[in-house]
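For reference, the structure discussed in these notes is given below.
Predicted, not measured: the structure shown is a model, and the values here were computed from it. As a basis for the values below, the full set of heavy atoms in this structure was taken, side chains included, without hydrogen atoms, waters or symmetry mates.
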Amino acid sequence: MSVLILGGTAEARDLAVLLQERGLRFSSSLAGRVARPRLPVGEVRVGGFGGIDGLRRHLTEAGVTAVVDATHPFAAGISANAAAACAAAEVPLLRLERPGWAAAAGADRWHWVDDHDEAAATASRVGRRPFLTIGRQSLDRFVGPLAEHHALVRVVDPPEVELPASWRLLLNRGPYSVAGERELFADHGVDVLVTKDSGGGHTWSKMAVADELDVPVVVVRRPGPAPGVPVVDSAAAAAEWAGAAD
């Protein structure tokens, strides 16, 4: 039995601990897009596989007998590659994904959009001082529509795109407290929050403060799991699946 965890999330790290406790053989793979990632227990590899064919070869050469895709809910490309590679190699695949925020209190009042372009256009209409918490890889989609706005951008690592002079960059990593987010909203006069439906409680405090202050929220919908891949929402359920696959 050898489980490959496609990780980079808190759920993936929790799963690694559970598999170690069960005495199962496993390894974790991180995409390497964050400069200082939080590492899980056990064997870890960092970097891409080289697309579908590269991942399929790795599954065969490493003797992987089961894969748990525990990547970020918006890592659609990686998830699609995993589905195709596992199907080609005839290796069972499970998707571990934290629940989204669609059922949260107040979610019906948010501006739900399908992509980052629509998020940028909506934010430009709703406010003048947006708080962008959508990750550095999508910032280029906001530069044009929000070039004249006074945006606050919070990311873990420095963005690769040049930001407008009127924007404020904040390099920080969560989790964040409600008190800290409340102070941030007040200091920067935030009048619209832009985020993704990442789910979980790690960054929920900003949503709570936006609701408290009646600040509009623009939320990018999740892309959804690859067709045909079973999904669980807890590390414990994923560990049970891995154990049963042995």
- Message: Would you say that Leu171 contacts Val156 through its side chain, given a criterion of any heavy-atom pair below 4.5 Å between the two side chains?
- Response: no
- Go through the steps to decide whether Leu15 and Phe26 satisfy the test side-chain contact (heavy atoms from CB on, under 4.5 Å), and finish with yes or no. CA-CA 10 Å; Leu15 176 59; Phe26 70 95; over 6 Å; no
- Item | Main-chain N/O of Val219 paired to His111 side chain as donor or acceptor, under 3.5 Å | no
- Message: For residues Val192 and Leu184: do they belong to one hydrophobic cluster (side chain heavy atoms under 4.5 Å, members Ile, Leu, Val, Met, Phe, Trp, Tyr)?
- Response: no
- Message: Which residues pass the side chain to side chain donor-acceptor pair (under 3.5 Å) test with His58, not counting sequence neighbours?
- Response: none
- Message: With a 4.5 Å cut-off on side-chain heavy-atom distances among I, L, V, M, F, W and Y, is there a chain of contacts connecting Trp110 to Val126?
- Response: no
- Under 3.5 Å donor-acceptor, Ser28 side chain and Gly7 backbone: no
- Would you say Trp204's side chain and Trp101's backbone share a donor-acceptor pair under 3.5 angstrom? no
- Query: In Å and rounded to the nearest 0.5 Å, what is the CG to CZ distance from Leu193 to Phe131?
  - Reply: 6.5 Å
- Query: Taking side chain as C-beta onward, heavy atoms only, is Leu39 less than 4.5 Å from Leu30?
  - Reply: yes
- Query: Under the side-chain contact (heavy atoms from CB on, under 4.5 Å) criterion, do Leu4 and Thr65 qualify, and how do the steps go?
  - Reply: CA-CA 8 Å; Leu4 173 63; Thr65 53; over 6 Å; no
- Close side-chain approach of Met207 and Glu181, heavy atoms under 4.5 Å: no
- Pairwise salt bridge (Lys or Arg N to Asp or Glu O under 4.0 Å) hits with a residue in residues 98-126, at least two apart: Glu11-Arg98, Arg109-Asp211, Asp114-Arg221, Asp117-Arg141
- Item | Shared hydrophobic cluster, Leu152 / Leu146 (ILVMFWY, side-chain heavy atoms < 4.5 Å) | no
- Task: Would you check if the side chain of Trp112 reaches a backbone N or O of Ala107 as a donor-acceptor pair within less than 3.5 Å?
- Result: yes
- Message: Between Trp167 and His150, is there a side-chain heavy-atom distance shorter than 4.5 Å?
- Response: no
- Query: Are any of the side-chain heavy atoms of Phe49 and Asn81 separated by less than 4.5 Å?
  - Reply: no
- What pair of heavy atoms forms the shortest contact from Val229 to Ala83, and how long is it? CG2-CB, 4.1 Å
- Query: Honestly curious: do Leu213 and Val217 fall in one hydrophobic cluster under the side-chain, below-4.5 Å linking rule?
  - Reply: yes
- Message: Please check: side-chain N/O of Arg168 versus main-chain N/O of Val153, any donor-acceptor pairing under 3.5 Å?
- Response: no
- Query: Is a salt bridge present between Arg56 and Glu90, judged by a nitrogen-to-oxygen distance below 4.0 Å?
  - Reply: no
- Work out which heavy atom in Leu59 is nearest to a heavy atom in Ala89; give both atom names and the distance. CD1-CB, 4.1 Å
- First locate atom SG of Cys86, then atom CD1 of Ile52, and finally report the distance between them rounded to the nearest 0.5 Å. 11.0 Å
- Query: Would you say Val178 and Val209 make side-chain contact, with heavy atoms under 4.5 Å?
  - Reply: yes
- Message: What verdict does the side-chain contact (heavy atoms from CB on, under 4.5 Å) test give for Arg154 and Lys206, after you've listed the backbone C-alpha separation in whole Å, the side-chain angles of each residue and the deciding distance to 0.1 Å?
- Response: CA-CA 12 Å; Arg154 184 168 66 194; Lys206 64 188 177 186; 4.2 Å; yes
- Message: Treating Asp69 as the side-chain partner and Thr71 as the backbone partner, does any N or O pair qualify as donor plus acceptor under 3.5 Å?
- Response: yes
- Item | Shared hydrophobic cluster, Val161 / Leu170 (ILVMFWY, side-chain heavy atoms < 4.5 Å) | no
- Without hydrogens or angle criteria, can the side chains of Thr195 and Thr133 be said to hold a donor-acceptor pair below 3.5 Å? yes
- Does any N or O in the side chain of Arg136 come within less than 3.5 Å of the main-chain N or O of Val155, such that one atom is a donor and the other an acceptor? no
- Task: Locate the shortest heavy-atom distance separating Asp14 from Ala235; write the atom from each residue and the value.
- Result: CB-CB, 3.8 Å
- Task: Starting from the C-alpha separation in whole Å, work towards a yes-or-no answer on side chain to side chain donor-acceptor pair (under 3.5 Å) for Arg182 and Ser205.
- Result: CA-CA 9 Å; Arg182 188 182 295 120; Ser205 54; over 6 Å; no
- Message: Show the nearest heavy-atom pair for residues Ala151 and Leu132, with the distance to one decimal.
- Response: CB-CD1, 4.3 Å
- Task: Decide yes or no for Val67 and Ile5: does some side-chain heavy atom of the first lie under 4.5 Å from some side-chain heavy atom of the second?
- Result: no
- Presence of salt bridge, Arg128 and Glu148, under 4.0 angstrom: no
- Message: Nearest 0.5 Å, please: how far is CG in Leu18 from CZ in Arg13?
- Response: 13.5 Å
- Got more than 12 heavy atoms from elsewhere within 6.0 Å of CD, Glu212? yes
- With sequence neighbours left out, the residues meeting ring pair (Phe, Tyr, Trp, His ring centres under 6.0 Å) with Tyr176 are none
- Query: OG of Ser198 to CD of Glu97: how many Å apart, nearest 0.5 Å?
  - Reply: 10.0 Å
- Min side-chain heavy-atom separation Leu96-Trp241 under 4.5 Å: no
- Message: Treating Ser124 as the side-chain partner and Ala121 as the backbone partner, does any N or O pair qualify as donor plus acceptor under 3.5 Å?
- Response: yes
- What's the shortest heavy-atom distance between Leu139 and Leu163, and which atoms? CD1-CD2, 4.2 Å
- Check against side chain to side chain donor-acceptor pair (under 3.5 Å), Arg45 and Ser29: CA-CA 5 Å; Arg45 73 178 301 278; Ser29 176; 3.3 Å; yes
- Message: Working note: Val220 + Phe74, criterion side-chain contact (heavy atoms from CB on, under 4.5 Å); need CA distance, chi angles, decisive distance, verdict.
- Response: CA-CA 10 Å; Val220 181; Phe74 283 81; 3.9 Å; yes
- Message: Under a 4.0 Å threshold between the charged nitrogen and the carboxylate oxygen, would Arg25 count as salt-bridged to Glu43?
- Response: no
- Message: Checking Asp191 against Arg129 for the salt bridge (Lys or Arg N to Asp or Glu O under 4.0 Å) test, could you report, in this order, the C-alpha distance in whole Å, the side-chain angles of both residues, the deciding distance, and whether it holds?
- Response: CA-CA 5 Å; Asp191 60 6; Arg129 304 186 72 87; over 6 Å; no
- Query: Looking only at heavy atoms, what is the nearest atom pair of Gly42 and Gln20, with distance?
  - Reply: N-NE2, 4.4 Å
